[in-house]
Each structure stands twice: as C-alpha cells, then as structure tokens.
Amino acid sequence: VEELADGMERVGKGNLDVRISEGGKFEFGEIQKTFNLMVEQLQNDKKNREKIISQNTMMYSGIAHDLKTPMTMIIGYAKFLQSNSDISQKDRQRYLDNIISKTEDANKLLDSLFTYSKLENSSYELKKEKNDIAECLRSCVADHYKLIEKSGIKLELDIPESKTELVFDEFELKRVFSNLIMNVIKHNPENTECFISLSLSSSMGQYNDIVKIIIADDGPKISSSLIEKLFDCFSVGDLSRNTRNGSGLGLAIAKKIID
C-alpha cells in the first residue's frame, strides 16, 4: 500500500517513469497492474503530444521559410516597377508575370496549410458517399495527363472499366491521388515509368471486398533515412524548398485523409 501511495504521489508530481511491483494477492494485484498500465498510457500520451508539438513547430517553421522566398521576390519586383516607370512594356509584363507566379506559389502553400489544419481538427468529418472509385481514379489521372505527358513520364494504367462502388469522400480521395501523382511528376526524370492500377479482391475479414490501388514508379529510390518519416510534414523539406517543387505537406495531407 505504501509503495502504491508513493507511486501515486510521484506521478502526481509529473514523474511518469514510476512503476510498482506486481504480484499482490487478490484484488490488490489487479490494482497494481492497473496502476502500471495507467502510468504507461499517460507516458505514451505525453510522448504523442510532444511529437505533435514538434511536428507542428517544424511545419510552421518550414512554411515561414517557404513563404519568405516568394514574398521577398514579390516585394523586390513591385519596388522595381514602382521606381522604374520608364521600362519597356515587355519588361513590365515580365515582372508582373513573375509577381503573379510567386503569389500563386504562396497561395498554394497557404492552401496546403489550411487543408492540413482542417484535417488535424478532430471535429472534421469526411463527406462519405457511395461512388465509383474506379471512375474517381480515372478522372484524376485524366486531370493530370497533360502534365504527365509534358514531363516525359511513361504511364501504364490498369483500371477496370466496370463500376467499383464504395463509400468514400470523393473530393478528399482525389486530393490523395493528386498528391501521389504530382510526386511522380515532380521528383522523377524523363522516361520514368509510372504504374497506376486498381483491383478488387475478396476477403474473409471484416470487409467483403478490398480495393487495392497502386501508384508506383521506377524512378530514383527514396533514401532509407527518409522512408520512416516520409509522411511527416516537411520530411523532404530541404529538397522541396531547394527545387521549389512542393510544399512539403502533400504526403502528410494524403496520410491524414487515408487514416
């Protein structure tokens, strides 16, 4: 009893490394076991909170970094136009085009931040309806076909023409498909082969049918150091910022939607 009381006091002061010996008789043994399980759960919850705080700090730091570049360029172009009224119409239009382009980059980043924050909110619910998931995937591929063709990616599709109805949020699932396809386009050289397929298989488990969707490519391999944190915010942040090819939130958003 004294050990249990001491353990409770230490936990109350914030020490979550406390464990007490188990093996007491009758109900007391259950109390000892329950106490240890409770403290372990509190410790895991604390670690998860610290991880989320760390990820959010990294995310906001990354976004601030990524926003600084386009905003600095926008200000520079605007000041140049303001102080040089005698430049040619052609040059003026070029600077205006750059301002619009950098503004769009900043807007896309803020849109990604809004989406991620929305998905982080526990009160947000996906709008699930019965839809044809095969058609959803085909439609998303069609939306990106010109970019795929322009980037020199060789596309191979294996999506059934027959209806494949499931209950899902079409808008958000398309966002997942789009993020994955854009990753193929942005981070691979010409002549990379991309394979996109959808197949239906029966299961003896909880669900009668399982849909398996593959979006894969034979481009450069992902380094082993990145694989475990691939779906974290800015897990490839340095690459994304240096090449200006992404917000660093795409895969994190995709995972949030699927989870």
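Given the structure is predicted, the values throughout are model-derived calculations rather than measurements.
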* Asked: Which residue pairs satisfy the salt bridge (Lys or Arg N to Asp or Glu O under 4.0 Å) criterion with at least one member in residues 210-226, sequence neighbours excluded?
  -> none

* Asked: Counting only heavy atoms not in K118, do more than 12 fall under 6.0 Å of its NZ?
  -> yes

* Assess whether atom CD1 of I222 is packed by more than 12 heavy atoms of other residues, nucleotides or ligands within 6.0 Å. => no

Give a yes or no on whether the backbone of [Y] and the side-chain of [X] come within a donor-acceptor separation of less than 3.5 Å.
X: T192; Y: P189; result: yes
X: S139; Y: E135; result: no
X: T115; Y: D111; result: yes

* Atom of R92, atom of N84 and distance for their closest heavy-atom approach ->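 For R92 versus N84, the nearest heavy atoms are NH2-O, 3.9 Å.
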
* To do: Could you tell me which non-hydrogen atom of P160 sits nearest to which non-hydrogen atom of A134, and how far apart they are?
  => O-CB, 3.9 Å

* D91: partners by salt bridge (charged side-chain N to carboxylate O under 4.0 Å, His left out), with sequence neighbours left out ->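 D91 satisfies salt bridge (charged side-chain N to carboxylate O under 4.0 Å, His left out) with R94 only.
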
* To do: Identify, with sequence neighbours excluded, every residue that meets salt bridge (charged side-chain N to carboxylate O under 4.0 Å, His left out) alongside K174.
  => none

* To do: Output yes when K47 and E50 qualify as a salt bridge under the 4.0 Å nitrogen-oxygen rule, no when they do not.
  => no

* Asked: Should K146 and E149 count as an ion pair when the cut-off is N to O under 4.0 Å?
  -> no

* To do: Please collect all side-chain hydrogen bond (donor to acceptor under 3.5 Å, both in side chains) contacts where either partner lies in residues 160-170, sequence neighbours excluded, each pair once.
  =>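 Non-adjacent pairs meeting side-chain hydrogen bond (donor to acceptor under 3.5 Å, both in side chains): zero.
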
* ILVMFWY cluster, L200 and I196 together (side-chain gap under 4.5 Å) ->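 Yes, because L200 and I196 connect within a single hydrophobic cluster, where side-chain heavy atoms sit under 4.5 Å apart.
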
* To do: Report whether Y124 and I258 are members of the same hydrophobic cluster (ILVMFWY, side-chain heavy atoms less than 4.5 Å apart, transitive linking).
  =>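 The answer is yes; both residues are in one hydrophobic cluster.
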
* **Partners passing ring pair (Phe, Tyr, Trp, His ring centres under 6.0 Å) against Y77 (at least two apart in sequence or in another chain)** =>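 Y77 satisfies ring pair (Phe, Tyr, Trp, His ring centres under 6.0 Å) with Y95 once adjacent residues are dropped.
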
* Structure fact -> Under a side-chain separation threshold of 4.5 Å, the hydrophobic residues clustered together with I214 are F195

